[in-house]
Colleague: 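One structure, as C-alpha cells, below. Some questions next.
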Amino acid sequence: MRIEVAVNGEQREADVWPGESLLFALRERLGLPGSKNACEQGECGSCSVLLDGTLVCACLVLAAQADGHEVVTVEGLADDGALHPVQKAFVEAGAVQCGFCTPGLVVATADLLARRSDPSEDEIREALSGNLCRCTGYQKIFDAVRLAAR
Amino acid sequence: MEVLNPHTLEEALQAKAEHPDAVPIQGGTDVMVELNFDRRRPEVLLNLNEVGELRGWSRENGTLRLGSGLTYTEAMEAPLAELLPALAEASRTVGSPQIRNRGTIGGNLGTASPAGDALPPLLVEGAEVELASTRGVRRVALHEFLVGPKRNAAEPDELIAAVRVAPSGGQQTFMKVGPRNAMVIAVCSLAVVADRERGELRASFGSSGPVAGLVSCPLDEAASLPELVVEAASPIDDVRGTAAYRRHALGVLARRALERCLA
C-alpha cells in the first residue's frame with residue numbers, strides 16, 4: 001500500500017507492507033536510518049520520533065497510521081546543516097559512547113526542552129525513562145540535557 | 001494483509017461488522033509488538049487513529065465518558081486527573097513518555113491483560129465499558145467485561161467505544177510493584193478507594209490472578225482489607241515474581257494504601 005507522510009518537512013511517499021512499522025518505513029523505504037531499530041517493542045526508545053509533534057516510538061506506530069501525518073526524525077532536527085542545540089550539547093558533554101541510543105535520546109531531549117525549557121532533575125529523569133543507554137551510565141547524558149537547557 | 005482506515009465511528013463499526021476478524025489498532029503499543037515479532041499476522045487491521053469520536057473525554061451530569069482512544073498522557077492531565085486520581089497515578093506508571101503518548105485506556109481494556117495498569121483504578125470506581133456495533137450500543141460492567149487473561153466480553157463485531165465512570169470522589173490511590181519506576185509490567189498492583197458516601201472500601205489488584213480482582217468491605221472494617229485482598233488474589237509463579245512474593249506484596253500495598261486513603 002502507498003502512504004504519504006510529511007517527513008522532516010518534506011512530503012514523501014512510500015510503498016509499504018500493511019503490517020510494517022513506521023520505523024521500518026523510515027529506515028528501509030525512506031532512507032532515514034537515524035532512528036535506530038533495537039527492541040521493536042517500545043522498551044528502548046532508540047526509534048523515538050515526533051509524530052504530529054508528539055514523542056513516540058516509531059516501532060510501535062503502524063506505517064499506515066502515519067499516512068497523512070507529520071513525522072520529525074533525528075535527521076530533521078538540524079537546521080540547514082547546523083546542529084540542533086541538543087545535538088551540540090551531547091557532543092560537548094561527551095554524552096555519546098557507542099552512539100546507538102543517541103538519536104532517540106536527542107529526540108526525547110528536544111521534546112522535553114520544547115515543553116519545559118528549564119526541567120528539574122526529576123523531570124529530566126522521567127522524560128528520558130523510556131530511552132535505554134547501555135554504555136554511559138547516563139551521567140553525561142544528564143549533563144548534556146542540563147547544558148542544552150541553559 | 002490489509003489496513004482499513006475509517007474516519008468516523010460509523011465507518012469503523014461498519015468495517016468491524018464486515019470484517020469481524022479485523023484487529024483494532026489504536027496506540028499500537030500492544031498490537032505492534034505482536035506484529036513486529038510475527039506472533040500474529042491478522043488478515044485485516046482496523047486503524048482507529050482517524051476516528052475522532054473515540055478521542056478525549058466528556059462529562060454528562062456526574063458521569064465521565066472516557067473515549068477508548070484516551071491516552072495515558074491525557075489521563076494524567078488536570079482536570080481529569082483530579083476526578084480520577086488513581087487512574088492518573090496508574091497512567092503515570094505505564095511504560096515511558098513515548099508509550100503513554102500512544103497507549104490508550106481502550107487498548108488496555110481490549111488487551112485485557114491481568115497486568116493492565118488502568119484496570120484496577122477503573123474497577124474500584126465501578127466503571128462500565130461501552131461496546132458499540134452496527135447493532136447498537138451496550139454497556140457492560142468492567143468486572144464482567146474482563147473474562148480471562150487477555151480475554152474480554154466484546155463480540156467480534158463490537159468495538160470498545162468508551163469507558164463510563166461516575167467518580168466516587170473518595171480518597172484513592174494506585175500502587176505498583178516492579179524493578180524500576182518506568183517501563184515496568186506490574187509484578188503486582190493495587191488500587192484502593194475509600195468511598196465515604198457508600199461507607200465502603202474497594203480494592204482491586206492486578207497481576208495476581210487471571211483477571212484484575214475486586215474486593216470490598218465496610219469502611220469501619222478497614223483493618224480487614226489487607227487480608228481480604230490477599231485471600232482473593234490467586235497469583236502464580238512466573239518470570240516477574242513468585243505467587244508467595246505477590247501475596248506478601250499485596251498485603252503490604254493494601255496496608256500502605258489504607259494509610260493514604262484514610263488519612
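Below, each value reflects all heavy atoms present in this structure, side chains not excepted, and no hydrogens, waters or symmetry copies.
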Colleague: Does B:E10 CD have over 12 foreign heavy atoms under 6.0 Å away?
Modeller: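 No - once you tally the heavy atoms of other residues, nucleotides and ligands closer than 6.0 Å, there are 12 at most.
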Colleague: Check whether any side-chain heavy atom of B:I99 lies under 4.5 Å from a side-chain heavy atom of A:L60, and answer yes or no.
Modeller: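 In short, these two side chains touch, coming nearer than 4.5 Å.
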Colleague: What part of A:L23 lies closer than 4.5 angstrom to a heavy atom of chain B: side chain, backbone, both or neither?
Modeller: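 For A:L23, neither part sits under 4.5 Å from chain B.
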Colleague: Atom CD in A:Q65, atom CD1 in B:I25: separation rounded to 0.5 Å?
Modeller: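 CD1 of B:I25 is found 4.0 Å from CD of A:Q65.
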Colleague: With a strict 4.5 Å heavy-atom criterion, list every residue of residues 172-186 of chain B that contacts chain A, or say none.
Modeller: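 The stretch touches chain A at B:R180, B:A182, B:M183.
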Colleague: Do A:S48 and B:Q98 have side chains that approach each other closer than 4.5 Å (heavy atoms only, starting at C-beta)?
Modeller: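 In contact.
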Colleague: Start with the C-alpha gap between A:E40 and B:V33, add the side-chain angles, then the distance that decides, and say whether side-chain contact (heavy atoms from CB on, under 4.5 Å) holds.
Modeller: CA-CA 7 Å; A:E40 292 190 278; B:V33 178; over 6 Å; no
Colleague: Check whether B:E50 gets within reach of chain A through its side chain, its backbone, both or neither, counting any heavy atom under 4.5 Å.
Modeller: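 For B:E50, the contact with chain A is made by the side chain alone.
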Colleague: With side chains defined as the heavy atoms from C-beta onward, is the minimum distance between B:V3 and A:M1 less than 4.5 Å?
Modeller: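 They are in contact (side-chain heavy atoms under 4.5 Å apart), so the answer is yes.
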Colleague: Does atom CZ of A:F142 have more than 12 heavy-atom neighbours, drawn from other residues, nucleotides or ligands, at distances under 6.0 Å?
Modeller: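 Counting other residues, nucleotides and ligands, CZ of A:F142 exceeds 12 neighbours.
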Colleague: Could you check whether atom CZ of A:R115 has more than 12 heavy atoms from other residues, nucleotides or ligands sitting under 6.0 Å from it?
Modeller: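 Yes.
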Colleague: Grab the two heavy atoms, one from A:G19 and one from B:L35, that are nearest each other, plus how far apart they are.
Modeller: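 The answer is O-CD1, 4.0 Å.
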Colleague: Ignoring hydrogens and geometry, is there a side-chain-to-backbone donor-acceptor pair from B:N101 to A:V56 under 3.5 Å?
Modeller: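 Side chain of B:N101 to backbone of A:V56: no pair is present.
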Colleague: Would you say B:R240 has more than 12 foreign heavy atoms packed within less than 6.0 Å of its CZ?
Modeller: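 Yes.
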Colleague: Does any heavy atom of chain B fall under 4.5 Å from the side chain of A:L51, the backbone, both, or neither of them?
Modeller: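 Side chain only.
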Colleague: Heavy-atom distance under 4.5 Å to chain B: side chain of A:C59, backbone, both or neither?
Modeller: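 Both backbone and side chain.
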Colleague: Counting only heavy atoms not in B:E11, do more than 12 fall under 6.0 Å of its CD?
Modeller: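 Result for CD/B:E11: enclosed.
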Colleague: So with a 6.0 Å cut-off around CD of A:E70, is the heavy-atom count from everything else above 12?
Modeller: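 Not buried by this count: 12 neighbours or fewer within 6.0 Å.
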Colleague: Could you tell me the separation between the CG atom of A:L55 and the OG atom of B:S96, rounded to the nearest 0.5 Å?
Modeller: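 So the gap between those two atoms works out to 7.5 Å.
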Colleague: If you count heavy atoms of other groups shown closer than 6.0 angstrom to CZ of A:R27, is the number above 12?
Modeller: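 Yes.
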Colleague: Are A:E20 and B:M32 packed together at the side-chain level, in the sense that at least one heavy-atom pair is separated by less than 4.5 angstrom?
Modeller: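 No, their side chains stay 4.5 Å or more apart.
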